[in-house]
There are 2 protein chains.
Amino acid sequence: MESRCENCIIRQFNSLRALSKDELKKVADSKTSKKIKKGEALFIEGQKLDGVFCVRDGVSKLSKLSSNGKEQIVKLTNKGEIMGQRSVIAEDFTNLSATAISDMEVCFIPKEVISNTLNTNPYFSLEVLRHLAHDLKEADDVIVNMSQKTVKQRLAEAFVYLKKNYGEDENGFLLLTLSRDDYANIVGAATESLIRMISEFKKKGFIKTEGKKIGIVEEEMLQELADGF
Amino acid sequence: MESRCENCIIRQFNSLRALSKDELKKVADSKTSKKIKKGEALFIEGQKLDGVFCVRDGVSKLSKLSSNGKEQIVKLTNKGEIMGQRSVIAEDFTNLSATAISDMEVCFIPKEVISNTLNTNPYFSLEVLRHLAHDLKEADDVIVNMSQKTVKQRLAEAFVYLKKNYGEDENGFLLLTLSRDDYANIVGAATESLIRMISEFKKKGFIKTEGKKIGIVEEEMLQELADGF
DNA sequence: TGTAGTAACTGACAATTATCATGTTTTAAA
DNA sequence: TTTAAAACATGATAATTGTCAGTTACTACA
């Protein structure tokens, strides 16, 4: 409750920007802030959510268990994103689990506020619609990548994506540090296969490593690889 | 223009059911009916759509070209579904191509009618939101299947899905007849691999074939296979 | 500061899937 | 009805990826 939504820059990046002052005030009054430690879960597949999460800081992974017991990461969230809207809108259990990949700061907004606003503010509905439409398009792209590209291509693509979306530090290492396991669960491969590929990329000079940290050295080469050349 | 939307049962299955009588009338007045022959395209990836399609009869595939030039089928549409809403909502190019798999009958509804209604009727917005939410959930499932299951499992699942969703004729053959190529593009495999697997399933007695037609013989076995047993 | 536990890594091998080559059947058009 | 094209099918082989078994390195914590 430390800050008013009206002053929160984050909301410019999500559908909450369509809210009126009054509506924003309602959100601010009903929301609660939470700090979530790296590794902790925000919610778990199959749970009923009674609100959505607005990400103020940090990164989380949205994943789903396969029937073979393996985790598949479907999406990484960005700062400013709203999580759990799909489930709240459809009045459905979550189909995904959300786990913090770095320390996070999120606001929890009760579902009543969201659904009331959906019923009364068509601009908000439209913003949410656009957001879902965007997610859907991205999901289609992931489907195509998963089914038509090799693990090597998908990994190359993942590296480029992580650099573009989460940036790198002064030494050229990706700011977002993932475990080898997480990488495997993003590209949908066995952890051992993935580790081997990281070694290969390193040997070829495409990337550099330092412990868990990975740095992109040859972004163009990786991009070309991802595109199949 | 042969029939009034008010009398069209199909609309009960999609978001148009949230429309008022007046709104329905507007839709009916502006819509045009089209017949599309099997194999013809409704729209193509990258096109700008100036309306949505409401499927009255027939089945189409929504697909996307991969950078390697292969087609990936992302979704099959059902009777009553609305196609192209994602693109119209996001005011974006279509990210998918739609091609008729059987002869189709569709209504085309201009985007102005859709967006006007979205701005004024929150129930309609909510229905569309629910529909997109559903599509998104399904897309997540496809991602997990594509990345965690073997081709064999995905094919088994596809057969079960086709039977459940499109039914079979009096002789136990799937009503929806797909080419081997289409099957390959659904499960994301090389056509030859897929044909081999069909032969294998047939040899094991899980399915039967008669030309292009495929019949599900052992649904439970296929389901178990799909689930990884 | 030792020690248990987890994550990272490597090798050997097996399973899955793609590719190429080629033959057969079906379909559609002249 | 013939004939060319497309779809279906199968074999041989190569490439990709997974599995199992083990080693090393890092991390946390008693």
Side-chain angles (χ1 to χ4, degrees), chain A residues 37-39 61 66-72 99 101 145-158 173-174 177-203 207-215 225-226 228, chain B residues 37-40 61 66-72 99 101-103 145-158 173-174 177-204 207-215 225-226 228:
Chain A
K37 287 242 175 65
K38 178 175 175 171
K61 59 180 177 184
S66 165
S67 54
N68 65 14
K70 276 198 186 162
E71 183 191 20
Q72 175 64 37
T99 314
I101 279 184
N145 281 341
M146 283 297 174
S147 41
Q148 302 286 0
K149 290 190 174 177
T150 64
V151 172
K152 198 176 292 186
Q153 289 179 297
R154 299 193 312 253
L155 180 60
E157 188 160 60
F173 288 100
L174 291 174
T177 303
L178 299 173
S179 70
R180 303 296 193 250
D181 233 10
D182 281 336
Y183 274 111
N185 295 338
I186 287 173
V187 302
T191 308
E192 298 96 319
S193 301
L194 183 117
I195 289 176
R196 253 181 267 275
M197 235 154 256
I198 286 185
S199 306
E200 191 191 324
F201 281 6
K202 195 179 166 181
K203 203 170 287 171
I207 61 172
K208 59 183 176 181
T209 67
E210 195 182 293
K212 288 169 100 84
K213 288 194 293 180
I214 290 180
L225 216 176
Chain B
K37 286 243 175 64
K38 178 175 175 171
E40 286 179 2
K61 58 180 176 185
S66 164
S67 54
N68 65 15
K70 275 198 188 165
E71 181 191 21
Q72 174 64 37
T99 314
I101 280 184
S102 62
D103 288 349
N145 281 340
M146 283 298 175
S147 41
Q148 303 285 2
K149 290 190 174 177
T150 64
V151 173
K152 197 176 293 187
Q153 287 178 298
R154 299 194 311 255
L155 180 60
E157 189 160 59
F173 288 100
L174 291 174
T177 303
L178 299 174
S179 69
R180 303 295 193 250
D181 232 11
D182 281 336
Y183 274 110
N185 296 337
I186 288 173
V187 301
T191 308
E192 297 97 319
S193 301
L194 184 117
I195 289 175
R196 252 182 269 275
M197 234 154 258
I198 287 185
S199 305
E200 192 191 324
F201 281 5
K202 194 177 164 182
K203 203 169 290 171
K204 289 192 178 158
I207 62 172
K208 59 183 176 181
T209 68
E210 195 182 294
K212 289 169 100 84
K213 288 193 293 179
I214 290 180
L225 217 175

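Chain identifiers are assigned alphabetically (A, B, ...) following the order of the sequence lines, protein sequences preceding nucleic acid strands; residue numbering begins at 1 within each chain.
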Give every residue pair that meets the salt bridge (Lys or Arg N to Asp or Glu O under 4.0 Å) criterion with at least one member in residues 177-190 of chain A, sequence neighbours excluded.
A/Lys61-A/Asp182
Quick check: closest heavy atoms across [X] and [Y], and the distance to 0.1 Å?
{"X": "A/Gly39", "Y": "A/Thr99", "value": "O-CG2, 3.5 Å"}
{"X": "B/Ser66", "Y": "A/Gln148", "value": "OG-CB, 3.4 Å"}
{"X": "A/Ala189", "Y": "A/Val151", "value": "CB-CG1, 3.7 Å"}
{"X": "A/Gln153", "Y": "A/Ala226", "value": "NE2-O, 3.5 Å"}

[X] [atom1] to [N] [atom2]: how many Å, rounded?
{"X": "A/Glu71", "N": "C/dA7", "atom1": "CD", "atom2": "C1'", "result": "15 Å"}
{"X": "B/Lys213", "N": "D/dC8", "atom1": "NZ", "atom2": "C1'", "result": "17 Å"}
{"X": "B/Phe201", "N": "D/dA9", "atom1": "CZ", "atom2": "P", "result": "14 Å"}
{"X": "A/Ile195", "N": "D/dA25", "atom1": "CD1", "atom2": "P", "result": "14 Å"}
{"X": "B/Gln153", "N": "C/dT17", "atom1": "CD", "atom2": "P", "result": "9 Å"}
{"X": "B/Ile207", "N": "D/dC8", "atom1": "CD1", "atom2": "P", "result": "13 Å"}
{"X": "B/Leu155", "N": "C/dT16", "atom1": "CG", "atom2": "C1'", "result": "14 Å"}

Side-chain (B/Asn68) to main-chain (A/Gly228) donor-acceptor, under 3.5 angstrom:
no
Donor-acceptor pair, distance only, cut-off 3.5 Å: does the side chain of B/Asp103 make one with the backbone of B/Lys38?
yes
Using a strict heavy-atom distance below 4.0 Å, which residues from residues 179-186 of chain A are in contact with DNA chain D?
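Nothing qualifies; none.
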Tell me whether the OP1 or OP2 atom of D/dC8 has a side-chain N or O from B/Lys212 closer than 4.0 Å.
yes
Have a look at A/Thr191 and say if it touches a base, only the backbone sugar-phosphate, or nothing, with a 4.0 Å heavy-atom cut-off.
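A/Thr191: no heavy atom of the nucleic acid under 4.0 Å.
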Please enumerate all protein N or O atoms sitting under 3.5 Å from an N or O of nucleotides 16-19 of chain D, with distances to 0.1 Å.
{"from": "D/dT17", "atom 1": "OP1", "to": "A/Val151", "atom 2": "N", "distance (Å)": "2.8"}
{"from": "D/dG18", "atom 1": "OP2", "to": "A/Ala190", "atom 2": "N", "distance (Å)": "3.0"}
{"from": "D/dG18", "atom 1": "OP2", "to": "A/Ser193", "atom 2": "OG", "distance (Å)": "2.9"}
{"from": "D/dG18", "atom 1": "N7", "to": "A/Ser193", "atom 2": "OG", "distance (Å)": "3.4"}
{"from": "D/dT19", "atom 1": "OP2", "to": "A/Lys70", "atom 2": "NZ", "distance (Å)": "3.4"}
{"from": "D/dT19", "atom 1": "O4", "to": "A/Arg196", "atom 2": "NH2", "distance (Å)": "3.0"}

Interatomic distance, B/Leu225 atom CG to B/Lys149 atom NZ [nearest 0.5 angstrom]:
10.0 Å
Matching residue for A/Ser147 among B/Gln72, B/Lys70, B/Arg154 - test: side chain to side chain donor-acceptor pair (under 3.5 Å):
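Testing each of B/Gln72, B/Lys70, B/Arg154 against A/Ser147, the sole residue satisfying side chain to side chain donor-acceptor pair (under 3.5 Å) is B/Gln72.
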